[in-house]
Chemist: 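Here it is, the structure in full.
Note: hydrogens, waters and symmetry copies are ignored here, and every other heavy atom, side chains too, is used. Each chain gets a letter, A, B and so on, in the order the sequences are listed, and its residues count up from 1.
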Number of protein chains: 2
Amino acid sequence: MMNTEEQILAAARKVFINKGFDGARMQEIADEAGINKALLHYYFRTKEKLFERIFSESFQLIKPVFNLALGPEPDLHQFIRQFVNAYHALLKQMPFLPQFVLQELNRNPGRMIGLIGKQQIPMNDIKRVIDAEVKKGNISAVSPENLIVNLISLIIFPFVARPVLQEVVFGGDDAAFDNFLNGRSESIIQFFLLALSPEKS
Amino acid sequence: MMNTEEQILAAARKVFINKGFDGARMQEIADEAGINKALLHYYFRTKEKLFERIFSESFQLIKPVFNLALGPEPDLHQFIRQFVNAYHALLKQMPFLPQFVLQELNRNPGRMIGLIGKQQIPMNDIKRVIDAEVKKGNISAVSPENLIVNLISLIIFPFVARPVLQEVVFGGDDAAFDNFLNGRSESIIQFFLLALSPEKS
DNA sequence: GTCTATAACCGGATAGAC
DNA sequence: GTCTATCCGGTTATAGAC
């Protein structure tokens, strides 16, 4: 059995993630946790503080992207495959995380400060790897920024835009969309490998 | 000079789009429009009604995607080029529209009903075009659903995720990100054409 | 630690004068 | 059409008993 603090965190996670900060109600979190509002404030003095806890925890989960360090003998194809699969596996379990994080980040961009902590993607390393691969004739030239952004976009966007996409591309069929998501990892990888393959017309 | 109703709509647009429904305040809209709350309610009885007006108008703007009909003698490459350029031009002017629409759609997916009106992307037509192109040896095989979703993802995502991407990929440099967006259209098109080009390894 | 009760405030909506 | 003043419900937060 969870202790009270864990109960609260689980409830807050649920409510904040699907209502956002402004839409969330302390009452609803309390109900969800099976306690009352007063106790909520006893554990986390304010709504803001409770939210910060949930948000930063969520951000840490989404963040693995930024840790994408390349090994000493990097194989770009292998790297892409692993990255897509790993990230996709996470999102299958927490499909609403990206929308939540992006939403709150847009409302308050300054919140990122302190969460990222000067952590940046090592663009120069990536560029070096790409240049080397290009020189070996393994892939065609791309800007590393566009490559990274493309990778992330293809993975995350379907989760953020599910309602529209499901309605308009899959005729509203829920199961069809789930099915689509299941094959999505492999499709993204193929798409990428094709785009990177050296032969051009 | 705008009349009062137009003033209100302009103000509401601004406030709703960057605070969302829950975060928006009627007072702020009134201030922004240079009038008072009472007058706001005189023109649009409730916050909900005013919001619906702004939201459906925004949705209509974002929607051109769905109207993507292919001509009788369709050239897929040309179609992609035009589509990306047109959509991108819209987003450069209204960069916050997608985040707004996606956010509200996630909070209340049922809202789409009546806005879309059974309008679906003609997947079968697209599939037919793709199959024909594949048979002619012009492109490599792809599922039409993945193709459409990829197209939309690559275009929209950078606008939705600007805060994170700018920070982590561009070291927080605002001008660098704008610059990135300027070259983005062409980069997406190239990426697509490469992925679709028939030669495979 | 956990509860009930309540304070303090905020925000959408209305009444009514001009 | 536009304003000032006000109502009223809901929401965060605290006091204080157990």
Chemist: Give the rounded distance in Å between these two atoms: CG of B:L40 and P of C:dT14.
Modeler: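 After rounding, the gap between these two atoms is 12 Å.
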
Chemist: Mind checking which nucleotides bracket the chain A contacts on DNA chain D, 5' to 3', with an atom under 4.0 Å from a heavy atom?
Modeler: D:dT11 to D:dA15

Chemist: Can you tell me how far the CG atom of B:L196 sits from the CD1 atom of B:I130, to the nearest 0.5 Å?
Modeler: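 These two atoms lie 8.0 Å from each other.
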
Chemist: Atom NE2 of B:H41 to atom P of C:dA13: distance rounded to whole Å?
Modeler: 4 Å

Chemist: Which distance, rounded to the nearest 0.5 Å, do you find between the CE of B:M123 and the CZ of A:F170?
Modeler: 7.0 Å

Chemist: I'd like to know if the side chain of A:N36 and the backbone of A:L39 have a donor-acceptor N/O pair within less than 3.5 Å.
Modeler: yes

Chemist: Under 3.5 Å, which protein N or O atoms sit close to an N or O of nucleotides 4-11 of chain C? Give each pair with its distance.
Modeler:
| from | atom 1 | to | atom 2 | distance (Å) |
| --- | --- | --- | --- | --- |
| C:dG11 | OP1 | B:R25 | NE | 3.0 |

Chemist: Quick check against the 3.5 Å criterion: does A:S187 have a side-chain atom that pairs as donor or acceptor with the backbone of A:G183?
Modeler: no

Chemist: Hey, could you give me the CD1/NZ distance between A:I29 and A:K19, rounded to the nearest 0.5 Å?
Modeler: 10.0 Å

Chemist: Any donor-acceptor pair under 3.5 Å linking the side chain of A:N179 with the backbone of A:A175?
Modeler: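 No.
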
Chemist: Please check if the side chain of A:K47 supplies one atom and the backbone of A:F21 the other of a donor-acceptor pair under 3.5 Å.
Modeler: yes

Chemist: Using modelled atom types and a 3.5 Å cut-off, is there a donor and acceptor pairing between side-chain atoms of B:R184 and backbone atoms of B:L154?
Modeler: yes

